[in-house]
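Below: the structure, in structure tokens.
Only a predicted model underlies this, so the values are computations on that prediction, with no experimental measurement involved.
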Amino acid sequence: MTNVLWLQGGACSGNTMSFLNAEEPTVCDLIADFGIKVLWHPSLGLELGNNLQTLLWDCISGKIPLDILVFEGSVVNAPNGTGEWNRFADRPMKDWLIDLAQAASFIVAVGDCATWGGIPAMSPNPSESQGLQFLKRQEGGFLGKDFRAKSGLPVINIPGCPAHPDWITQILVAIATGRIADIALDELNRPQTFFNTYTQTGCTRNVHFAYKASTAEFGQRKGCLFYDLGCRGPMTHSSCNRILWNRVSSKTRAGMPCLGCTEPEFPFFDLKPGTVFKTQTVMGVPKELPPGVNKKDYALLTMVAKDAAPPWAEEDFFTV
């Protein structure tokens, strides 16, 4: 039996909703097939008041083994480092985190807020929010750069706004079945099995990207979203077009641009007017290009690609 405790800090519950919609495996599969016991979850736990506090203290003391601590939402330190803006079970949440982190064998941060601080950590960050081990791309976060759980691993980061449900459940299964050592983490502590490729990998619009065929309208099934609508698929590490949402689709397949929500800088440009759903350009060249592409080569490639584009590159290939 693998005990899982799920807590929530400064969050919108989006990752909880995502988790409860997991399909491969489902939450029920975790319990029935993989021996996972959910000690408590904000939306599923039965314990309240003193009973919940007793459960938490038993985890801290070791009376109840804490195999996996899952945290959703940012760590709120305001005001003035006290954490009083986010009280839980009669204490600041940050105080529970300090104690529980020392008791946990593994810690999993789910969603952008828990991994990098997310939207709550946007400047000027009045809630003094942090991720568990990062603040945006800066190492450290709430627990510190050198923190390691009892297993010897740092916080395992599963970013996203929200994170894909199957990313969450598959990592919990890997831990519960003793296979987490087979999963390498990248420099941001993300499982490489989900984050070693770009969102563009598997995108149905790659042919449009190659021939610089653009669309300027949401919901269109043809045309690339990178050139006009600010799609960050070529620069964002995720498997959204390899492991589809609801086994069916993704943002780009539905005609909406990737917003880069698995990267520490999300939300980009601090959501300034005119920067969302709009590609920032200089003399027609995007300010940000896919990794490994320089502006000179891009300009040359654009001219060649547009000139060589076949008529079918503009066709709606979803038409039956």
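With hydrogens and angles disregarded, no donor-acceptor distance shorter than 3.5 Å links the side chain of Q130 to the backbone of T115. The backbone N or O of G83 lies less than 3.5 Å from no partner atom in the side chain of N77, so there is not a single donor-acceptor pair. Using a distance-only test at 3.5 Å, with no hydrogens or angles considered, no donor-acceptor pair links the side chain of Q220 to the main chain of G255. In this structure, the side chain of D166 engages the main chain of E24 through a donor-acceptor pair within 3.5 Å. The closest donor-acceptor contact from the side chain of T54 to the backbone of N50 lies under 3.5 Å. In this structure a side-chain-to-backbone donor-acceptor pair under 3.5 Å is missing from D58 to I64. For the pair N21 (side chain) and M17 (backbone), a donor-acceptor distance under 3.5 Å is present. No side-chain donor-acceptor contact under 3.5 Å links R205 to the backbone of S214. At distances below 3.5 Å, at least one donor-acceptor pair connects side-chain atoms of T169 with backbone N or O atoms of P25. Remark: side-chain polar atoms of T275 are not paired, donor with acceptor, to backbone N or O of L271 under 3.5 angstrom.
No donor-acceptor contact under 3.5 angstrom links the side chains of Q200 and N241, judged on distance only. Judged by distance alone, the side chains of D67 and T2 never bring a donor and an acceptor atom under 3.5 Å apart. With no hydrogens or angles considered, a side-chain donor-acceptor pair links E72 and T16 at under 3.5 Å. Side-chain atoms of S238 and T236 form no donor-acceptor pair, as typed in the model, at a separation below 3.5 Å. At a cut-off of 3.5 Å, with distance as the only test, a side-chain donor of T197 or R242 sits close to an acceptor on the other residue. Judged by distance alone, the side chains of N157 and Q133 never bring a donor and an acceptor atom under 3.5 Å apart.
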Item to complete: Please lay out, stage by stage, how D90 and Q53 fare under the test side-chain hydrogen bond (donor to acceptor under 3.5 Å, both in side chains).
Response: CA-CA 8 Å; D90 207 34; Q53 290 187 48; 4.7 Å; no
Worksheet item: Checking side-chain hydrogen bond (donor to acceptor under 3.5 Å, both in side chains) for the pair N86/K94: CA distance, chi angles, key distance, verdict?
Response: CA-CA 8 Å; N86 182 25; K94 60 176 291 186; over 6 Å; no
Worksheet item: Hey, mind stepping through I107 and L143 against side-chain contact (heavy atoms from CB on, under 4.5 Å) and telling me if it holds?
Response: CA-CA 11 Å; I107 300 179; L143 294 174; 4.2 Å; yes
Item to complete: Please step through side-chain hydrogen bond (donor to acceptor under 3.5 Å, both in side chains) for the pair D29 and T26, ending with a clear verdict.
Response: CA-CA 5 Å; D29 292 336; T26 67; 3.1 Å; yes
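Side-chain contact between V38 and L5: absent, with no pair of heavy atoms (C-beta onward) separated by less than 4.5 Å.
D95 CG to M93 CE: the interatomic distance, rounded to the nearest 0.5 Å, is 10.5 Å. Once rounded to the nearest 0.5 Å, the distance linking CZ of F266 with CG of D112 reads 6.0 Å. Atom NZ of K145 is separated from atom CD of E139 by 4.5 Å, given to the nearest 0.5 angstrom. Note that CH2 of W40 is 11.5 Å distant from SG of C59, once rounded to the nearest 0.5 Å.
Ring pair F195/W167 is perpendicular by interplanar angle, where above 60° counts as perpendicular and below 30° as parallel.
Of all non-hydrogen atoms in K251 and C258, the two that sit nearest each other are CE-CA, 4.3 Å. When all heavy atoms of G230 and T279 are compared, the closest pair comes out as N-OG1, 2.8 Å. Nearest approach of E23 to R247, heavy atoms of both residues: O-NH2, 3.2 Å. Nearest heavy atom pair, residue P42 against residue Q8, reads CG-CB, 3.9 Å. In terms of heavy atoms, V110 sits closest to A163 at CG1-CB, 4.2 Å. A121 and S129 get closest at one heavy-atom pair: CB-O, 3.8 Å.
The number of heavy-atom neighbours closer than 6.0 Å to CG of D182, taken from other residues, nucleotides and ligands shown, is above 12. Counting heavy atoms of neighbouring residues, nucleotides and ligands inside a 6.0 Å radius, atom CD of Q138 does not exceed 12 of them.
Within the structure, ring pair (Phe, Tyr, Trp, His ring centres under 6.0 Å) contacts touching residues 220-251 (residues at least two apart or in different chains) are H164-W245, Y198-H237, F209-F226, F209-Y227.
Salt bridge status for E265 with K136: absent, with no side-chain N to carboxylate O gap under 4.0 Å.
For F147 and F142, the gap between ring centers reaches or exceeds 6.0 Å. Annotation: W6 is in aromatic contact with F19 [ring centroid separation under 6.0 Å].
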